[in-house]
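Reminder, nothing fancy here: chain letters follow the sequence lines and each chain counts from 1. Worth saying up front: this structure is predicted, and the values here are computed from it rather than measured.
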Protein chains: 4
Amino acid sequence: MPKLGMEPIRRAALVKATIAEIGEVGSLEVTVSRIARRAGVSSALAHHYFGAKEDLLVAAMRHILATYGAGVRAALAGATTPRARISAILHASFASDNFEPAVIAAWLNFYVHAQGNTGARRLLTVYHRRLRSNLVHALRPLVGAAADDHAETLAALIDGLYIRQALGAAPDGPRAEARVAAVLDRMLEKPQ
Amino acid sequence: MPKLGMEPIRRAALVKATIAEIGEVGSLEVTVSRIARRAGVSSALAHHYFGAKEDLLVAAMRHILATYGAGVRAALAGATTPRARISAILHASFASDNFEPAVIAAWLNFYVHAQGNTGARRLLTVYHRRLRSNLVHALRPLVGAAADDHAETLAALIDGLYIRQALGAAPDGPRAEARVAAVLDRMLEKPQ
Amino acid sequence: MPKLGMEPIRRAALVKATIAEIGEVGSLEVTVSRIARRAGVSSALAHHYFGAKEDLLVAAMRHILATYGAGVRAALAGATTPRARISAILHASFASDNFEPAVIAAWLNFYVHAQGNTGARRLLTVYHRRLRSNLVHALRPLVGAAADDHAETLAALIDGLYIRQALGAAPDGPRAEARVAAVLDRMLEKPQ
Amino acid sequence: MPKLGMEPIRRAALVKATIAEIGEVGSLEVTVSRIARRAGVSSALAHHYFGAKEDLLVAAMRHILATYGAGVRAALAGATTPRARISAILHASFASDNFEPAVIAAWLNFYVHAQGNTGARRLLTVYHRRLRSNLVHALRPLVGAAADDHAETLAALIDGLYIRQALGAAPDGPRAEARVAAVLDRMLEKPQ
DNA sequence: CATGAATGAGTTTTCATTCAT
DNA sequence: TATGAATGAAAACTCATTCAT
């Protein structure tokens, strides 16, 4: 039983437990004690590593966004055409990892939380900007000046599908992805 | 000197205060005391009229949905063509009353809340069904069998625009409406 | 069993319990729960009326100073000569009410607390200024320009006797008073 | 690479850090972690060397009293007349080392702490006895039977000046010393 | 109709202390 | 000799909720 280098392990476990707990409770009114118990440690340890509950929540949000960002980047790496780039983004967005119930629930909760919390809002803004930039970048060669507008619409649609998934019984990534793709197709059909 | 017939007045004031408070705090972690103070009554009275806090929250949600529903119905009343019906729904969705910051914030919070609360979920399901039914009904003459699918897409887009508004500085109803209209136009352009 | 107008009663009981508790524990590391229990109420009520623990402590300090101030004022009212004025101040300082163990202990603790707490410090500064002003006022006709200096010395001596009383088994007000009077006598014997 | 003979170094560093920390916080509600960090070691080490926090506090107090005692002894060594002996005691009491803010703050805190703590009280009693004995010893040849009484008064005055210094902005040793000397002079002027 | 009074239950947070390495 | 890891215990504080008036 190693006693050194536990920090990263505990941090990861706590972040994971936080997401799971939010997913289960369906709200951020989750107790540090329960999160800690789920992670197999005392609540004191959670505070030891993360400070306040808020920091733990932000860390969880950051984790989700980082995972999502990594997924997008990986998918983009293999895309050669503009259209493929967009598909890559969509695919990553609705990929199983980011689209499992607990993650969606946590995502949605953070979305709400960002309304009143600076740290969370900052994180979300970064995500927004990145998604938008990726979409615009890929759309530009295809639709020119309309890229900005279309990007905004697609981003909203993605978020809308996410939010609806949070309430649906079983999430269906491929179907959501297809839905966005359909809208995209119409955009490209007759640009402008 | 206790007045008669105060009940509806108090209830309305409390519901209104609840929405305002949620809008200000940006979360459902709002205290009954503050809501009551905002409504100019004691917290005991809030419990007297609504029972538990949860019931007050659900009442607020019901109020928002009712207001929205009434707006849609009123708008539909003046619409003669299918296309006009859809426009009416969209217009009502992004009309100033339903689209002011506090209402959007409350809406979003209830959306999240519905994940773990039966009463809230039921209410939301009703809203979902009604929106969908309205859209399908209007789309059917225009796109036939694709109506279901398109309705789903439009509904998701509406929700997505709502959620994004919750974080944006100033909500912009007309712009959001135009965005959905643009997607709709493309759907109708080349049906199926 | 009256249910209205309890606030002043509870506040007084809590302040009294606070002083008693500090006297017993001998430190400000006293819990709100114990204070509340001693006052016969729940700890929640203590917070309800006083806000934070700190505020309760400051209220207790303010109470002690107010009692002391009232005692001094009452004693001064009957004093006609300068010398009698000083005696009155001393007598009030070491009077049984202000000189009972719990009060001395609380006083001393507040003295320390004032080092790091703005509210407490302000209160103590007021006490200091008032004591000094009273002493200077009474000494001036007797010793002229040396009044300031003598006042300072007497004040320090009073505080020193207080602090020592805090550790002694049984406080002995008359003896402490006599000690200050002796120093005072020598000051007046050969002024300046 | 663990070094040998570190114990005295660590102990001294921890005691010093304790006094500094108390001076900064202005209370004994100081954490072992912070003291340890200030001393450049882990909190576990503080416990390793001192056992409980309480023991560390007592060690700090003992250090202060020992330093003070050494100062007095050194000063007394050079004093030949009774009057010079008293001056030596006073001078040592208000010498810069014992009279710097952190030390005064710690002293005052220990004074309070002694109310409820046996170890601290014992230490303080020893200090009291020693001071008193030194003063009486020096006063006896000058004032005879009044020595006891005068010693008590001087000791109280010294403590009072200390306590007042704890709250004053900048400590002023020489001035405090002069104040005691003035009272002493009057005592000696007309013995009895 | 309305509220001041009151509290139980719970939550975050802090900290001294222990222990295996 | 020294520490990172970990926790139990306790404390402050909050809040929904009840009740007598």
Check your understanding: Is the number of heavy atoms from other residues, nucleotides or ligands within 6.0 Å of CZ (B/Arg38) greater than 12?
Key -> yes
Practice item. Searching all strands shown, indicate the nucleotide that pairs with E/dT21 (Watson-Crick or G-U wobble; both distances under 3.5 Å). Key: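 In the structure as shown, E/dT21 has F/dA2 as its Watson-Crick or wobble partner.
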Check your understanding: In the structure shown, which nucleotide is the Watson-Crick or G-U wobble counterpart of E/dA9, with both distances under 3.5 Å?
Key ->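 Pair assignment: E/dA9 / F/dT14.
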Round to the nearest Å and state the distance from [X] atom [atom1] to [N] atom [atom2].
| X | N | atom1 | atom2 | result |
| --- | --- | --- | --- | --- |
| C/Glu29 | E/dA16 | CD | C1' | 12 Å |
| A/Arg37 | F/dT7 | CZ | C1' | 14 Å |
| B/Ile35 | F/dC15 | CD1 | C1' | 12 Å |
| C/Asp55 | F/dC13 | CG | C1' | 12 Å |
| A/Leu14 | E/dT12 | CG | P | 13 Å |
| D/Leu57 | E/dC15 | CG | P | 14 Å |
| B/Leu28 | F/dA16 | CG | P | 12 Å |

Study note, to complete from the structure: Among the nucleotides F/dT18, E/dA16, E/dT12, whichever has the atom closest to the side chain of A/His47 is E/dT12
Exercise for review: Return the nearest nucleotide to the side chain of C/Ala52; candidates are F/dC13, F/dA12, E/dA16.
Suggested key: F/dC13
Check your understanding: Which nucleotides of nucleotides 4-9 of chain E have their base under 4.0 Å from a protein heavy atom (B), which only their sugar-phosphate (S), and which neither (-), written as one string 5' to 3'?
Key -> BSBBB-
Check your understanding: Under 3.5 Å, is there a donor-acceptor pair between the side chain of B/Lys53 and the main chain of B/Val30?
Key -> yes
Review point. Where the side chain of D/Arg11 meets the backbone of D/Tyr49, is there a donor-acceptor pair that is under 3.5 Å apart?
Key: yes
Review point. Closer to the 5' end of DNA chain E via nearest nucleotide, is it A/Glu54 or D/Glu54?
Key: A/Glu54
Closest approach of [X] to [Y] (non-hydrogen atoms, all atoms of both residues):
| X | Y | answer |
| --- | --- | --- |
| C/Leu124 | C/Ala114 | CD2-CB, 3.7 Å |
| C/Ala60 | C/Val15 | CA-CG1, 3.9 Å |
| D/Gln115 | C/Gly26 | NE2-O, 3.4 Å |

**Study point:** Residue whose closest nucleotide on DNA chain F lies nearer the 5' end, B/Lys53 versus C/Ser33
**Key:**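 Counting from the 5' end, the first nearest nucleotide belongs to C/Ser33.
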**Study point:** Chi angles and distances behind the side chain to side chain contact (heavy atoms under 4.5 Å, CB included) call for A/Leu57, A/Asn109
**Key:** CA-CA 10 Å; A/Leu57 294 182; A/Asn109 273 285; over 6 Å; no
